[in-house]
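Right, one structure below, let's go through it.
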Amino acid sequence: MNASPPHRGGAPVGYLSELGPLEAGAILYLRLWCDGHVAQHQVWNDFAKSLGPATGRKALASFERLCELCLRHGRRPLMRHHVACSCIGADESCFANLIGYACDGEREDALQIAMTFVRPDIAPSIVTLAQDFGLALKRMAIKTDRPSEIPTTLH
């Protein structure tokens with residue numbers, strides 16, 4: 001009996017400390033969101049505290065829908081590392097790049113990355129949601145005293 005090889009999507013490709021605040025924030029919030037209800041509440045608290053309740057709710061709705069579509073329509077399970085892990089996996093790196101490209105208006109690049117996660121008919125929605133989420137992360141970084149980082153509950 002052959003053991004199946006580990007999934008390449010979880011292979012370490014770098015460290016959170018090597019990323020900018022947008023990409024690191026995207027990964028940290030993805031990890032938190034997928035960690036369960038208590039961690040999801042932490043995400044909501046971060047968004048509401050940084051953006052205010054109304055804007056935070058809109059940003060959270062985009063992020064929730066993004067995660068839902070990635071998980072429901074994914075070509076395969078999206079591999080993630082533990083919330084406190086300092087390294088990043090290949091799938092997490094792709095997710096962070098998706099957010100970064102979408103937020104920067106690089107729609108074609110973001111669309112190509114999205115199609116590695118989900119079916120082509122779902123990818124445009126993923127990119128739009130990624131852009132909304134990325135812009136919220138940028139606003140969160142601007143509102144903090146340390147604009148070089150996203151204010152998460154992990155700091």
Side-chain angles (χ1 to χ4, degrees), residues 9-10 16-86 88-89 91-155:
L16 282 169
S17 61
E18 299 170 336
L19 300 177
L22 179 74
E23 291 81 4
I27 291 170
L28 289 172
Y29 283 122
L30 175 67
R31 289 177 179 180
L32 281 168
W33 188 257
C34 294
D35 210 32
H37 294 295
V38 172
Q40 289 172 2
H41 188 70
Q42 290 176 339
V43 173
W44 159 246
N45 284 339
D46 284 356
F47 280 53
K49 181 179 175 185
S50 295
L51 301 171
T55 304
R57 195 170 295 113
K58 288 178 186 176
L60 184 62
S62 291
F63 181 59
E64 285 178 322
R65 185 75 175 135
L66 173 64
C67 291
E68 176 190 340
L69 289 175
C70 285
L71 296 174
R72 185 186 313 150
H73 299 287
R75 294 181 179 272
R76 59 174 175 70
L78 188 63
M79 303 301 290
R80 298 168 314 279
H81 286 225
H82 186 270
V83 171
C85 185
S86 63
I88 57 173
D91 284 356
E92 293 173 325
S93 177
C94 286
F95 183 80
N97 281 310
L98 165 67
I99 303 302
Y101 280 125
C103 185
D104 289 343
E106 300 291 334
R107 191 163 178 84
E108 287 182 19
D109 290 330
L111 196 55
Q112 286 182 337
I113 293 172
M115 285 191 283
T116 66
F117 289 137
V118 297
R119 302 184 325 237
D121 61 316
I122 302 295
S125 296
I126 295 285
V127 171
T128 300
L129 294 165
Q131 183 177 34
D132 293 345
F133 173 57
L135 291 172
L137 289 178
K138 279 190 174 187
R139 285 191 303 272
M140 290 169 72
I142 289 169
K143 290 187 176 213
T144 183
D145 291 337
R146 297 176 303 239
S148 63
E149 65 182 57
I150 303 293
T152 69
T153 54
L154 298 176
H155 292 234

Value rounded to 0.5 Å, distance of [atom1] in [X] from [atom2] in [Y]:
{"X": "L30", "Y": "I88", "atom1": "CG", "atom2": "CD1", "result": "12.0 Å"}
{"X": "C85", "Y": "L16", "atom1": "SG", "atom2": "CG", "result": "7.5 Å"}
{"X": "L71", "Y": "C34", "atom1": "CG", "atom2": "SG", "result": "5.0 Å"}
{"X": "E64", "Y": "W33", "atom1": "CD", "atom2": "CH2", "result": "3.5 Å"}
{"X": "E23", "Y": "L28", "atom1": "CD", "atom2": "CG", "result": "11.5 Å"}
{"X": "R65", "Y": "C70", "atom1": "CZ", "atom2": "SG", "result": "10.5 Å"}

Backbone of I113 reached by a side-chain donor or acceptor of T116 within 3.5 Å: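 Answer holds: yes.
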Expected output: side-chain N97 to main-chain S93 donor-acceptor under 3.5 Å: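 Yes, the answer is positive, given that a donor and an acceptor are paired below the 3.5 Å cut-off.
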CA sep, side-chain torsions, deciding dist, call: Q112, D109, side chain to side chain contact (heavy atoms under 4.5 Å, CB included): CA-CA 5 Å; Q112 286 182 337; D109 290 330; 4.1 Å; yes
Name of the residue among R80, R76, R75 meeting salt bridge (Lys or Arg N to Asp or Glu O under 4.0 Å) with D91: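 Testing D91 for a salt bridge (Lys or Arg N to Asp or Glu O under 4.0 Å) against R80, R76, R75 leaves exactly one candidate, R76.
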Are [X] and [Y] packed together at the side-chain level, in the sense that at least one heavy-atom pair is separated by less than 4.5 angstrom?
{"X": "R31", "Y": "H81", "result": "yes"}
{"X": "H41", "Y": "V38", "result": "no"}
{"X": "F63", "Y": "W44", "result": "no"}
{"X": "R107", "Y": "P124", "result": "yes"}
{"X": "Y29", "Y": "L137", "result": "yes"}
{"X": "H73", "Y": "L69", "result": "yes"}
{"X": "L32", "Y": "Q40", "result": "no"}

Ring geometry between F95 and F117 (parallel below 30°, tilted from 30 to 60°, perpendicular above 60°):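 If you compare the ring of F117 with that of F95, the planes turn out tilted.
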Full working for side chain to side chain contact (heavy atoms under 4.5 Å, CB included) between I122 and R72: CA-CA 10 Å; I122 302 295; R72 185 186 313 150; over 6 Å; no
Considering non-hydrogen atoms only, spot the tightest contact between [X] and [Y] and give its length.
{"X": "M140", "Y": "S50", "answer": "CG-CB, 3.7 Å"}
{"X": "A59", "Y": "F47", "answer": "CB-CD2, 3.4 Å"}
{"X": "A26", "Y": "A96", "answer": "CB-CA, 4.4 Å"}
{"X": "I126", "Y": "A114", "answer": "CG2-CB, 3.9 Å"}

Side chain to side chain contact (heavy atoms under 4.5 Å, CB included) evaluation trace for K138 with C103: CA-CA 9 Å; K138 279 190 174 187; C103 185; 3.5 Å; yes
Option passing side chain to side chain contact (heavy atoms under 4.5 Å, CB included) with L66 (candidates V127, I99, T128, D132): I99
